[in-house]
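The chains referred to below are lettered A, B, ... by the order of the sequence lines, with proteins before strands, and numbering in each begins at 1.
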Amino acid sequence: MARYNVKETESRWQQRWSEAGCFEVEADPGKPKYYVLEMFPYPSGRIHMGHVRNYTLGDVVARYKKAKGFNVLHPMGWDAFGLPAENAAIERGVHPAGWTRENIEAMREQLRGMGLSYDWRREVATCDPSYYRHEQKMFLDFLKAGLAYRKESWVNWDPVENTVLANEQVIDGRGWRSGALVEKRKLSQWFLRITHYAQDLLDALEGLERWPDKVRLMQHNWIGRSEGARVRFELVGRDDVLEIFTTRPDTLFGASFCAVSANHPLVAEFAEKDPALAAFVAECNRSSTSEADIETAEKKGYLTPLRVRHPFRDGVTLPVYVANFVLMEYGTGAIFGCPAHDQRDLDFARKYELPVIPVVLPPKADPAAFAVGDEAYVGPGTIYNSDFLDGMEVEAAKAAVAERLTAIGRGEGTITWRLRDWGVSRQRYWGCPIPIIHCESCGPVPVPEDQLPVTLPQDVDFDSPGNPLDRHPSWKHTTCPSCGADARRETDTFDTFFESSWYFARFADAQAETAFGRAEADYWLPVDQYIGGVEHAVLHLLYSRFFTRALRDCGYLGIAEPFAGLVTQGMVCHETYKGPDGKWLYPSEVAKGDGGATVTVDGGKPVTVGRVEKMSKSKRNTVDPANIIDAYGADTARLFMLSDSPPERDLEWTEAGVDGAWRYLNRLWRAITESDIALPPPGTPKPTELSPAAEQAWRACHKTILGVADAIERFRFNTAVAQIRELTNLLFALDGKGAGEAWVLRFGWETAVRLLAPMMPHVAEELWVRLGHTTMLAETPWPDADPALAEDETVTIAVQINGKLRATIEVAKDTGKDALIEQALGHPNVQKQLDGKQPRKVIAVPNKIVNLVA
RNA sequence: GCGGGCGUGGCGGAAUUGGUAGACGCGCCGGACUCAAAAUCCGGUUCUGGUGACAGAGUGUCGGUUCGAGUCCGACCGCCCGCACCA
């Protein structure tokens, strides 16, 4: 019998599925639907192991749900706008459009080689005007609905490249390519009013029951609702006020300073007259816009000549600092500092020698002795040193302050969100043009809908600094749709999160002339199971949730939540290797030498084996899926991806593990195709007599069918594989001689092959045919199981003495407490351990345990 | 810095969610087949002691709750992810 021919078999079945249109689906209100979606990839040129893992997980679910009778939508597309295409243009002189198109072609072929059950007719590429035209319309609708607006905000500016830099392109305060010191610059940009839905986005998290708790918690914290108060401090010697936001109005009597952001309007005024202040502001503006950098940077302040009056204490004034840790984007861009009860304020106060006045007394502390040292007290307690608040608990004091502030017109209680509106403007070429025209007299005017889409010009160059759209000789010149005067197109493009915020809806009706048909969207949405990396836990998922609400309110959709179920997969990792010269080596460049040591393939030089880390080009610890699929086939790669780790955890790719998967596939192949045991024809009724081994295997089949289904439903694919291996281990051991064994072998192999079909679809189809079937497994329902047969008749009960295992007893299922205790006490080892003594207490739990307390 | 997660044999992991820790696999050891090797097949494999039945220890560390803790609570240590212009 011929060996299993991977390449021929896999491509043949891929072709058959495609020709039969197995995975092409239409909305059918008469059938229950299931929408499986994996996060679509950026077309970087080649698929990587992260993709293989993600798409294998999705494919198992899609094929399984189809076998379970669902009308399964499983689409794939390309998140095709983004920076790497522009970088390729700059570094290699290729056009982003051509580069992207070629990458898509190459990656589509790779995905096809994995045998994924996509409805390819629904493929979309977001850089295609037939896709992005719809989001231009959406943006205009958002504008009408008041969900989009324009305001100034700060960006990282590279003065040499004349371009805005992403945080990741700023390395140690310098542009990654130019090396120039990066500055902050204020630009007028478009924003989407995600904060309009802040409360709803927060509240609705509770209803997302099939989302991981950790993702819901991360979103909860990201939205960051905080109740507090605005306080308007009168500025000494001026008519205006300084408005601050605080979450701790109860500590107002402990205030010893105010601090404002370097970009606060008040600061500009003083910086003009004070070169040192101007220098400090400039320094702040040179630092990163990233929150992580701001928070970890040394806290610095600059004392202004301004002072503010304390709202409750006549004659008391506080100094005003400019501080590098106060964000203009949060609250009012100004704070008051209470060093005794906030660590950052305390550090600041110690540095600038400001008073530290405790106003919250910890429970049971002595007011005369309590003092704050290097650690601020942030716990609960009773207010003191605080006039009318004295004796109140923290929460009551917060309310009392808000009330008093309102009464004297100096502030009020308020809610602030950490969540900021979503800035969608990007000063880049390779993105969706923002459909706006700027007119000197009319201001920003929407492009009329009949002139959509606004398409990107093809003839651009990346040779000189700045945004190619802005530099283009003619593209931006147009006339005002409103007054007809000469006008200028918006040259910014959308953030690429814009495209990914609604693609799941486009897939419901990918060929539609509109964004998508309402009936199609109503049928398919929401996505029943969404699968992708944890790195998207906050931004992409939150933006999509926002977008769905905004689309609902603009009449596109009837739902608020796009993803009913979510699984976030872990990363694919690999060992790292360094050669004698200290340079990183690819796994393909090293091998196990004679003594078991790791050496270079080329020359046998010693290799240092490093830690297991996320696969990355920089550490060269990547394995190209193309090589694996070429050598072992897609089924083996898929099986290994599923069997070694649960999806949400990191997966370590090992050559040995892949070999193991490969050996299993071949073992199964040989057992079915090369066996001497003649199996009865398909459909032969079960014989009445079964040998004990046959009976056991038969029952195991039923148990495994239920167990594997349960494991797949719960995303425990590794245990699903383990259960199938247990079953096949039983089958490998049958010699076919006992009564009914040949029949059980047929039943067992058919069961195993059907259970494996979602995971290793090609070899499963091929074995199904070898077992004498003419149907396709892709169209075959999930096997039926008899729950009664899956139940064991006896259970093993652990017998403990003082919590230590001393014996096990085998009893009939559901044996009562008294019988359990009697049997346990009768066990020789138990008697030996008890040594004639009576247990003081006996705990017996049927089907589980007996614990004797001696 | 803030937020989130993870930690179990030599390794990846399993454990019906408070009830026999180590399923399944990898690796290793022993055996069969072979002139030999590879492949394959069979057996063993948490650690310590014991020929053995068994006994002791054991789920990052320390403490707690419980008849019983990998699982619950508190403190700590280590590693990983996110932090708004990477996608």
Can you pull every protein N or O that's under 3.5 Å from an N or O on nucleotides 50-55 of chain B?
from: B:A55; atom 1: OP1; to: A:Arg806; atom 2: NH1; distance (Å): 3.1
from: B:A55; atom 1: OP1; to: A:Gln833; atom 2: NE2; distance (Å): 2.9

Do any N or O atoms of the protein come closer than 3.5 Å to N or O atoms of nucleotides 61-65 of chain B, and which pairs are they?
none

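- Partners of A:Arg174 according to the salt bridge (charged side-chain N to carboxylate O under 4.0 Å, His left out) rule, which considers only residues two or more places apart in sequence or in another chain, do not exist here.
- Listed by residue number, A:Gln189 are the residues of residues 184-195 of chain A with a heavy-atom contact under 4.0 Å to RNA chain B.
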Enumerate the protein-to-nucleotides 69-74 of chain B contacts in which both atoms are nitrogen or oxygen and the separation is below 3.5 Å.
none

Tabulate atom names and distances for all N/O pairs under 3.5 angstrom spanning the protein and nucleotides 15-18 of chain B.
from: B:A15; atom 1: OP1; to: A:Arg716; atom 2: NH2; distance (Å): 2.7
from: B:A15; atom 1: OP2; to: A:Arg716; atom 2: NH2; distance (Å): 2.7

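- Every residue was checked against the salt bridge (charged side-chain N to carboxylate O under 4.0 Å, His left out) condition with A:Arg667, not counting sequence neighbours, and none meets it.
- In this structure, A:Thr796 reaches the bases: a heavy-atom distance under 4.0 Å links it to at least one base atom across the strands shown.
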Per-nucleotide protein contact string for nucleotides 2-7 of chain B, where B marks a base within reach and S marks sugar-phosphate only (heavy atoms under 4.0 Å, - for neither): -SSS-S

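- Consecutive Watson-Crick or G-U pairs involving RNA chain B, each under 3.5 Å on both distances, make up stems of three or more pairs at B:1-7 with B:77-83, B:10-12 with B:24-26, B:27-32 with B:40-45, B:46-49 with B:54-57, B:60-64 with B:72-76.
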Report each atom pair, protein N/O against N/O of nucleotides 66-68 of chain B, whose distance is under 3.5 angstrom.
from: B:C67; atom 1: O2'; to: A:Asn851; atom 2: ND2; distance (Å): 3.2
from: B:C67; atom 1: O2; to: A:Asn851; atom 2: ND2; distance (Å): 2.7

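- Rounding to the nearest 0.5 angstrom, the gap separating the CD atom in A:Gln723 from the CG atom in A:Leu706 is 9.5 Å.
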N/O contacts under 3.5 Å, protein versus nucleotides 77-79 of chain B?
from: B:C79; atom 1: O3'; to: A:Arg611; atom 2: NH2; distance (Å): 3.4

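- Partners of A:Arg663 according to the salt bridge (charged side-chain N to carboxylate O under 4.0 Å, His left out) rule, which considers only residues two or more places apart in sequence or in another chain, do not exist here.
- Nearer to the 5' terminus of RNA chain B, by closest-nucleotide assignment, is the contact made by A:Glu613 (compared with the other of A:Glu613 and A:Phe81).
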